[in-house]
Trainee: 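Got a structure here, written out as structure tokens. Questions coming.
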Amino acid sequence: MKELKEILYKVKISKVIGSTSISVSKLCIDSREIQANDLFIAIKGNAVDGHRFIEAAIKLGATSIVCESIPSDTQNGITYLEVNCSREALSIISSNYYDNPSEKLKLVGVTGTNGKTTIATLLFDLFKIAGFKTGLISTVKICIDDNSLNSEQTTPDSLRINYLLSEMLAKGVKYCFMEISSHGIHQKRINALTFSGGIFSNLTHDHLDYHSSFSDYRDIKKEFFDNLPKESFSLINKDDKNGNFMIQNTASKVSFYALNSYADFKIKILEKSIEGMLLKIDQTELWTTLSGKFNAYNLLSVISAGILLGIPKEKTLEYASLLKSVRGRFEYVIVNGITAVVDYAHTPDALKNVIQTINDIRTGNESLITVVGCGGDRDSLKRPLMGGISSSLSSKVIFTSDNPRSESAELIIEQMNSGVNPVDFKKVLSILSREEAIKTACQLASPKDIILIAGKGHETYQEINGKKNHFDDYEIVKNYLTKII
């Protein structure tokens, strides 16, 4: 139990009805989870307005309500607190309820369009290798030291974030690495958190179904660095044209990493293959099983952050050489002489990066067969772009379904086809069934050829009309390659 007036510390309240000298059992944003003496925070969501469920929450036992508009029919014995923004209030209340856990460990946020999951996960692995109890909040999974949980959002709501951080503290976690999505920033899920550092990977076309424009998307990302405290660090990809923009108003200490620009941390690719890369950092050579230029950036950001967080440079490089690829991120298997690569690339830039990585490795005699789709109910403007990129850079491409969700998979494929240059028409097949598309790619491939299956990566399901069916790209391609004689 917590005293209501204590967990309201720093919340901007415009109106109060009732007493704040009452006890609160727990916080809820879902009225269906309410029990006796709970505090219900009514959130206006994109699809559902929590204010509609205030009465239902009270019937289930809520004794205090945070809302943006106090109902006209208030009830005796209930405390109503009116705020300008319930999401912002939730972030503060959640932190207060769990005794501000982000202040008691080193929390590092990773933001950008591509690379967030890889960077956050590799940092988690690096610090585990270094002997620290470590936490991870990512798209793929949530880790509290050795305990792994499923993840449903890139950036969870602020109530869950603070619960997870408090659980990490209870397990002795010293460092936590967390993906920061533009949705999470815009919806104020991270507002009351104290960050020890922030990492910017890159910024390209994405989420324009949610943000009104690219500049709006970029400005939301910048807010994260605007709000970092002066005691923290900002680690910025100097090679990205948006890097300097991100830290224009930050109070944090800024460091840069780059492959092509002058920077505090630099790396050079000496050799590359499907199995990995030989890199040079200052005068030290390092072999990594990660592959591709984009992964050189990811690994460099991890090494840089490790050093900024106090691990000696020579130890950081030693531990970095032990890091393995992240599930569904350039994950490959070789069967019967055919290489299959499964990658989460679901933006134009990410798709271009992974295809160029493969093309850089190819000697020219092998074919690259790409299987790719685009998700439904998401940014439709990128579909022609991804169709054009994959068809122009591959030997052959098969457009197929991804997670169509509530949209027509046929229509999504048509939109991808609209971006294909006429000279590439002959390279393109359209196969609605994703499994059939993967099977066809395996049948078309000859020894030494490379199959890229892009878009879903680590996901083990396909979402169609609200239902998630088991579907694992890696599992399916490996199965069909094994059957080839």
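Given the structure is predicted, the values throughout are model-derived calculations rather than measurements.
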Trainee: For the residue pair F124 and Y175, is the inter-centroid distance of their aromatic rings smaller than 6.0 Å?
Mentor: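 No: the rings miss the under 6.0 Å criterion.
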
Trainee: Give a yes/no verdict on a cation-pi contact between K174 and F132, requiring under 6.0 Å between NZ or CZ and the six-membered ring centre and an angle within 45° of the axis.
Mentor: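 Here K174 fails the 6.0 Å and 45° test against F132.
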
Trainee: Under 6.0 Å between the ring centres of F256 and Y262?
Mentor: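 No: the rings miss the under 6.0 Å criterion.
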
Trainee: Check the side chains of N295 and N298 for a donor-acceptor pair under 3.5 angstrom, ignoring hydrogens and angles.
Mentor: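 On atom types as modelled, these side chains qualify, holding a pair under 3.5 Å.
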
Trainee: Between I119, T121, N114, which is the residue that forms a side chain to side chain contact (heavy atoms under 4.5 Å, CB included) with T117?
Mentor: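 Per the side chain to side chain contact (heavy atoms under 4.5 Å, CB included) rule, the option paired with T117 is T121, out of I119, T121, N114.
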
Trainee: Can you check whether D472 reaches Y474 side chain to side chain, under 4.5 Å on heavy atoms?
Mentor: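 Touching, per the 4.5 Å side-chain cut-off.
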
Trainee: Would you kindly say whether T347 and T113 are connected by a side-chain donor-acceptor distance under 3.5 Å?
Mentor: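 Distance-only check fails for T347 and T113.
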
Trainee: Does K133 pair with D145 as a salt bridge, N-O distance under 4.0 Å?
Mentor: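 Here K133 pairs with D145 in a salt bridge, since their nearest N and O are under 4.0 Å apart.
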
Trainee: Just how far is it from atom CG of L165 to atom CD1 of I144, taken to the nearest 0.5 Å?
Mentor: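 CD1 of I144 is found 9.0 Å from CG of L165.
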
Trainee: With a 4.5 Å heavy-atom cut-off, do I450 and I369 have their side chains touching?
Mentor: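 No, too far: nothing below the 4.5 Å cut-off.
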
Trainee: Ignoring hydrogens and geometry beyond distance, is a side-chain donor-acceptor pair present between E275 and S273 at under 3.5 Å?
Mentor: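 Indeed, the side chains of E275 and S273 share at least one donor-acceptor pair under 3.5 Å.
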
Trainee: For this output row, return yes or no: ring centroids of H470 and Y461 closer than 6.0 angstrom.
Mentor: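 Centroid distance H470-Y461: not below 6.0 Å, so no.
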
Trainee: Check whether NZ of the Lys or CZ of the Arg K238 lies under 6.0 Å from the centre of the six-membered ring of Y257 and within 45 degrees of that ring's axis.
Mentor: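 Not satisfied by the 6.0 Å and 45° rule.
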
